[in-house]
Amino acid sequence: MTVPASPAAADRTRQWEDWLALRQEAVIDPETAIVDPHHHLWDRGGHTYLPAQFAQDAASHHLLASAYVECLSQYRSSGAEHLRPVGETEFVAEQAAAFGQGIAAAIIAFADLSLGGVVDAVLDAHADAAGGRLRGVRYSTAWDADPAIHAAYPTRPGMLREPKVLAGASRLGRRGLVFDAWAYFHQLGDVAHLALACPELTVVVNHAGGVLGLGTYANQRDEIFMQWRTALQTLGPLPNVVLKFGGLAMPLAGFGWRKLPQPPSSSMLANAWRPYFETCLEVFGVQRCMFESNFPVDRSGCSYTVLWNAFKRLAAPLSSDERAALCAGTARRTYRL
């Protein structure tokens with residue numbers, strides 16, 4: 001049974017919605033096809049984000065399909081611990097099948113890759129539950145010593161270098177599944193280590209490589225940018241690594257959008273993110289780079305319309321084929337949509 005949201009939480013939600021409504025924009029290039037390779041769905045204590053809500057957010061743009069990425073949602077409440085994450089796949093597959101419209105056409109599930117041979121049973125269960133939608137696993141390893149950097153997952157330093165995790169990741173490659181990596185910028189060396197150890201595995205770097213701007217990293221934009229850029233360049237020569245450009249509207253990135261009296265415009269977002277986008281493009285090229293919404297998490301900073309308008313502004317100087325790859329083609333190929 002869903003627990004109703006508290007009055008205080010409901011009030012915060014109303015204030016957030018009122019703030020988002022202060023910025024309205026016409027859609028740029030509404031005919032441009034989009035495949036969104038990263039969003040979430042959930043029902044948490046009365047706060048929901050379900051396919052109808054995602055479809056409403058995305059309605060202004062020409063969304064063809066999307067990929068759902070695990071977010072610790074709707075786990076089974078009983079049964080074997082290692083199989084409890086399969087409840088999330090069951091929930092998403094049911095939601096996606098009922099709603100249609102290409103939403104969650106691909107599912108990136110969670111499995112504890114440190115479990116050795118048991119991982120196979122988890123992957124089999126996810127595949128059965130997904131109804132043909134399973135495309136990979138996200139094994140989040142984002143860790144930082146600063147307590148201001150909130151960690152939703154139980155992580156520790158160096159996880160992607162552990163032999164047992166590498167063994168689990170190799171099982172994904174043998175099945176033709178992708179590995180979605182959520183790590184902070186100072187952990188990208190670990191991502192490179194895994195990608196080199198598992199050359200048959202497609203490794204997808206989430207959220208532009210984990211830029212940080214809170215806590216220890218606040219007020220160091222230029223210095224952190226250079227560290228991030230250097231770390232990202234180590235991934236460039238690895239042909240099995242792909243990057244999602246997004247996640248920069250999250251508070252974690254430190255741009256402070258929610259502190260503004262009204263939400264940022266797409267021009268403001270594009271101007272702030274251009275150095276990061278140009279670096280990602282330089283390192284990966286359009287065939288290994290794709291835009292992601294990370295909704296509803298990035299909804300904390302802007303609307304879906306404004307977010308994808310910003311992406312389209314960033315891609316505007318490129319050729320039509322290059323723009324198509326960033327908006328849809330790379331995601332389609334990576335997640336077999």
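All residue numbers refer to positions in the sequence shown, counting from 1. Note that this is a predicted model, so its numbers are computed, not measured.
Counting only heavy atoms from C-beta outward, the side chains of Ser73 and Leu41 never approach each other to under 4.5 Å. Annotation: side chain of Arg288 is not in contact with side chain of Leu243 (no heavy-atom distance under 4.5 Å). With contacts defined as side-chain heavy-atom distances shorter than 4.5 Å, the pair Ser140/Phe110 does not qualify.
Separation of the Phe284 and Phe245 ring centroids does not fall under the 6.0 Å cut-off. Between Phe54 and Tyr304, the ring center distance clears the sub-6.0 Å criterion.
The minimum heavy-atom distance linking Leu337 with Ala331 is given by the pair CD1-O, 4.4 Å. The minimum heavy-atom distance between Leu235 and Leu188, with the atom names listed, is CD2-O, 3.9 Å. When every heavy atom of Ala148 is checked against every heavy atom of Gly215, the shortest pair comes out as CB-CA, 3.8 Å. Between Leu166 and Cys198, the shortest heavy-atom contact is O-SG, 3.9 Å. Nearest heavy-atom pair across Leu318 and Leu326 is CD1-CD1, 3.5 Å.
In this structure, the separation between OH on Tyr276 and CZ on Phe225 is 6.5 Å, given to the nearest 0.5 Å. Rounded to the nearest 0.5 Å, atoms CG (Leu201) and CG (Leu196) are 12.0 Å apart. Separation of atoms CG (Leu134) and CG (Leu123) is listed at 7.0 Å; rounding is to 0.5 Å. The distance from atom OH of Tyr335 to atom OG1 of Thr330, rounded to the nearest 0.5 Å, is 11.0 Å. Going from atom CG of Leu307 over to atom CZ of Phe295 covers 5.5 Å, rounded to the nearest 0.5 Å. Separating the CZ atom in Phe291 from the CG atom in Asp36 is a distance of 11.5 Å, to the nearest 0.5 Å.
Remark: side-chain polar atoms of Glu25 are paired, donor with acceptor, to backbone N or O of Ser266 under 3.5 angstrom. No side-chain donor-acceptor contact under 3.5 Å links Glu88 to the backbone of Pro85.
Using a 30° and 60° split on the angle between ring planes, His40 and Trp42 fall in the parallel class, below 30°.
For His126 and Thr89, the side-chain atoms include at least one donor-acceptor pair closer than 3.5 Å. Inspection of the Thr48 and Gln53 side chains reveals an N or O donor paired with an N or O acceptor under 3.5 Å. Side-chain polar atoms of His207 and Glu292 form a donor-acceptor pair below 3.5 angstrom. The closest side-chain donor-acceptor pair between Tyr217 and Asp146, if any, does not fall under 3.5 angstrom.
Under the side chain to side chain contact (heavy atoms under 4.5 Å, CB included) criterion, Gln287 pairs with Ala325, Arg333, sequence neighbours left out. Shown here are the salt bridge (charged side-chain N to carboxylate O under 4.0 Å, His left out) partners of Glu70, two or more places apart in sequence or in another chain: Arg138.
When the shell of 6.0 Å around CZ of Arg299 is examined, it contains more than 12 heavy atoms from other residues, nucleotides or ligands. Counting heavy atoms of neighbouring residues, nucleotides and ligands inside a 6.0 Å radius, atom CG of Asn219 does not exceed 12 of them. Atom CD of Glu94 sits in a sparse spot, with 12 or fewer heavy atoms from other residues, nucleotides or ligands closer than 6.0 Å. Taking a 6.0 Å sphere around CD of Glu31, one finds it holds more than 12 heavy atoms contributed by other residues, nucleotides or ligands.
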Worksheet item: What do the steps show when you test Gln233 against Val283 for side-chain contact (heavy atoms from CB on, under 4.5 Å), and what is the final call?
Response: CA-CA 6 Å; Gln233 287 171 331; Val283 172; 3.9 Å; yes
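Between Arg84 and Glu81 there is a salt bridge, since a side-chain N of the basic residue sits under 4.0 Å from a carboxylate O of the acidic one.
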